[in-house]
Amino acid sequence: MSETAQPTPAPDERVKDLGWRRALIRPELGGIVGTIAVFFFFLLTAYDSGMFNAQGIMNWSVVSAQFMIIAVGACLLMIAGEFDLSVGSMIGFSGMMIAIFSVTLGWPVWMAIVVTFAMALAIGALNGFIVIRTGLPSFIVTLAFLFILRGFTIYLPQTIERKTIIGGIREAAEGDWLGAAFGGKVLQGAFHWMGDIGIIGVFERGTRAGEPVVDGIPMLIVWAIVLVIFGHIVLTKTRFGNWIFAAGGDAEAARNSGVPVNRVKVLMFMFTAFCATVFATCQVMEFGSAGADRGLLKEFEAIIAVVIGGALLTGGYGSVLGAALGALIFGVVQQGLFFAGVESSLFRVFLGVILLGAVILNTYIRRMITGER
Amino acid sequence: MNSRTTHAPIIEMKDIEKHFGSVIALAGVSVEVYPGECHCLLGDNGAGKSTFIKTMSGVHKPTKGEIFFEGQPMSFDGPRDAMNAGIATVHQHLAMIPLMSVSRNFFMGNEPVKKRMGIPFFDHEYADQVTMDEMRKMGINLRGPDQAVGTLSGGERQTVAISRAVHFGAKVLILDEPTSALGVRQTANVLATIDKVRKQGIAVVFITHNVRHALAVGDRFTVLNRGQTLGTAQRGQITPEELQDMMAGGQEMVALEGSLGGTV
Ligand SMILES: Nc1ncnc2c1ncn2[C@@H]1O[C@H](COP(=O)(O)OP(=O)(O)OP(=O)(O)O)[C@@H](O)[C@H]1O
Ligand SMILES: [Mg+2]
C-alpha cells in the first residue's frame, strides 16, 4: 500500500507481482495504444506545422481538456450503469444562466456561478431521481432533458434580452475571485521565464512584443487534471468507487450486498451535471459570452471519449484514466487534422475509424480480464 | 444437541407476511433460530423460502409480522443494517458481480477502509489478503485477488459467496441453496464449514433441496409450502424418508403429521 501514500494515482494499484504481459492487460490499454498511434501519426505528418510548438501544444491541450472535463463525469456515470444525454444541453443552459444572472440581473459573478452550480446539481439529482423512481432507461429520461434544457436555453435569453447570445461577461467578471478560478491562468511567472530564456517563443511585434506566446496554463486545463485525478482516485481507491462498479455491474446483486445503489446513481448524475457546468463556466469566462447553441452534441463526444477509453456501455467496467486518454485522442485528432491541413470533414471519418478500432481492441481486452463470453 | 435450543432465540420471525402486489409469497410464517443451531428451511419450488430469508437479511421489508433480533424488535432498513448486526447471506442468485475482481466482490458493501491524511481509502491490501486466505480455506486456489469473478466457474463463484458470508456472518449465517452448483469436495467443504461455524455458536439458516445435505448438518427442519409453515421437526424425530416426502411437496403429509408432533 505504500505506493498509495500520496493521492497521485499509480497507474493501477492491482498490478504488483505479475508478469509484464498481465500488467499490460488493463482497461486503459486501448486508450494507451490509441494515444501512441495518434501521436506517432501526427509527429510524422504534421511535425513542421506548428502542432508541437508551445502554441500548438496549448491549442490541442485546451481542446482535449474540454473533452476530459465532461468525459470524467460521463465515465463515472457510465460505470454506474447510466447515461446522461443532457450533458450538451446542460452546458448551454449553465452558461446561459451565468450570463443572465451576472449580466442581465447584474449579480456579482461569483454569486451567478454558485447559484448556477446549485441549479445544475439540482437538475442532475432530478434526472437521477426520475430514473431510479420510474425504472425508465436513463437514455430516455435524459433525452427528455436534452430537449427541455435546450428549450429553456433558447427561450430565456430571447424573452429577456431579445437575442440568443448574451455578452459582457468578461467585463462583469473583472477582478472576480470565482470567475478567475474558471477563466484565469496559472504558472504565468514560469511561462514568462521560459519565454525569457528561449524555451518557448515570444511575440516579436505588436503590443505584446516580448511576452511569451503562451503566458500560462488556463484554469480549464487545471480543472481537467484535477477532475481526472479526483475521478480516478474515487473510482479505484475508495469504498464509494467499489459501489460505483457494483451499481453498474449488477444493481440487484449490489443492493442485496448492502450497496446504496440509488444514492450512488443519483450522485453520479449530479457529478455529471457538475462537470458540464465546470465546462460551461470555463467556456463562458473564455468567450465572455453565452450562446444558446453552446455545447451542442457534447454528450456524444463525452460518451465517445469514454468508450474509446475502455468503459463498457452497459456499465460496471471502465477507467477514468482511459476516458482521459480517449478525450486526449479526440482533441489531438480534431486539432491535428487542422494542423496537417486535412479537409475537416475527414475528421469524422478518422474519428469513426478510431472509435471502431478502440472498441474492438477494448472488447478483446475486457474479455480477457473479465472472462465474459 | 437439543440443549442448544434452550437458549433464547437469536432471531425470531413472527407471522411474517410478504405480498408482491397481488401475489402472497408469505402468508404468516413463524420461525425461531437459535445460536449454534443449523436450521434447515425446506420446501418446494416457489414455496417462499428465498422470500422468507430475504426478509431476514433486510432485502425485503415484511408486509406484516415482527422480527426480533436478540430479543429486541428489529426493523432492518436494508441489507447493510442486517450485515452490521452480524447477519450474512448467500443468496440463491448469487450477489456476485462478474465484471469485478474477487476481492472487490468479497468486500462489496462492506469495504475495509484505511485512513490516509484523514481520507478513508479502500484498503486493497487487507482486502486482497483476506480474500486469498478465505478462498484457500475453502479449497479454491485463485490466480490472484484481482481475478474477475466472471472468470470463475459457477461453483467457484458460489464458494466465494459462501466464504464471504462466513467471514461476515458474526451471528447468523443464511445460505440459500449454497451447494446447488458444487462438486463433491466443495460440497463436503461447505457442509463441514456449516458444522464448524455452528459449533462456534453461530446460527445457520440452510436452504436446500437435498435431503442428505439437510440431514447431514441440520438440527431442526422447517418445511414451507405455498407461503405457510408445515411445521418444524427436531433432528431425530423424523426419518430421512419422511423428510424426503415432505420436501417432495407434502403429498404424504397425512403420514407425517404424527412425526411432526402435531404442529402441522
Ligand atoms: N420480487 C417478487 N415479485 C413478485 N413475486 C415474487 C417476487 N419474489 C418472489 N415472488 C413470488 O413469491 C413466491 C415464492 O418465491 P421464492 O423465491 O421465495 O420461492 P423459493 O421457495 O425460494 O423457491 P425455489 O426453491 O425455487 O428457490 C413465488 O411464487 C414467486 O413468484
Ligand atoms: Mg429460492
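Just the heavy atoms: all of them, side chains too, but no hydrogens, waters or symmetry mates, feed the values below. So that the names make sense, note that chain A is the first sequence line, chain B the second, and so on, each numbered from 1.
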Can you name the nearest heavy-atom pair linking [X] to [Y], along with the distance?
| X | Y | answer |
| --- | --- | --- |
| Asn242(A) | Glu111(B) | ND2-OE2, 3.0 Å |
| Thr151(B) | Ile369(A) | CG2-O, 3.5 Å |
| Leu235(A) | Arg104(B) | O-NH2, 3.9 Å |
| Thr236(A) | His124(B) | O-NE2, 2.7 Å |

Winner by heavy-atom pair count (cut-off under 4.5 Å) against chain B, out of [options]:
| options | answer |
| --- | --- |
| Trp243(A), Phe240(A), Tyr317(A), Phe245(A) | Trp243(A) |
| Val259(A), Thr238(A), Val234(A) | Thr238(A) |
| Ala254(A), Gly316(A), Ala246(A), Gly249(A) | Ala246(A) |

With heavy-atom distances below 4.5 Å as the criterion, would you say the side chains of [X] and [Y] are in contact?
| X | Y | value |
| --- | --- | --- |
| Leu312(A) | Leu99(B) | yes |
| Phe122(B) | Lys237(A) | no |
| Arg239(A) | Phe107(B) | no |
| Arg80(B) | Ser257(A) | no |

Per-residue contact mode, Asn105(B) against chain A (heavy atom under 4.5 angstrom):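 Contact with chain A is absent: no heavy atom of Asn105(B) under 4.5 Å.
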Per-residue contact mode, Met108(B) against chain A (heavy atom under 4.5 angstrom):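 It is both, since atoms from each part get that close.
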Ile97(B) backbone acceptor or donor facing Asp250(A) side chain under 3.5 Å: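 No, Asp250(A) side chain to Ile97(B) backbone: no donor-acceptor pair under 3.5 Å.
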With a sphere of 6.0 Å drawn around [atom1] of [X], does it hold more than 12 non-hydrogen atoms of other residues, nucleotides or ligands?
| X | atom1 | result |
| --- | --- | --- |
| His19(B) | NE2 | yes |
| Lys61(B) | NZ | yes |
| Phe20(B) | CZ | yes |
| Phe129(A) | CZ | no |

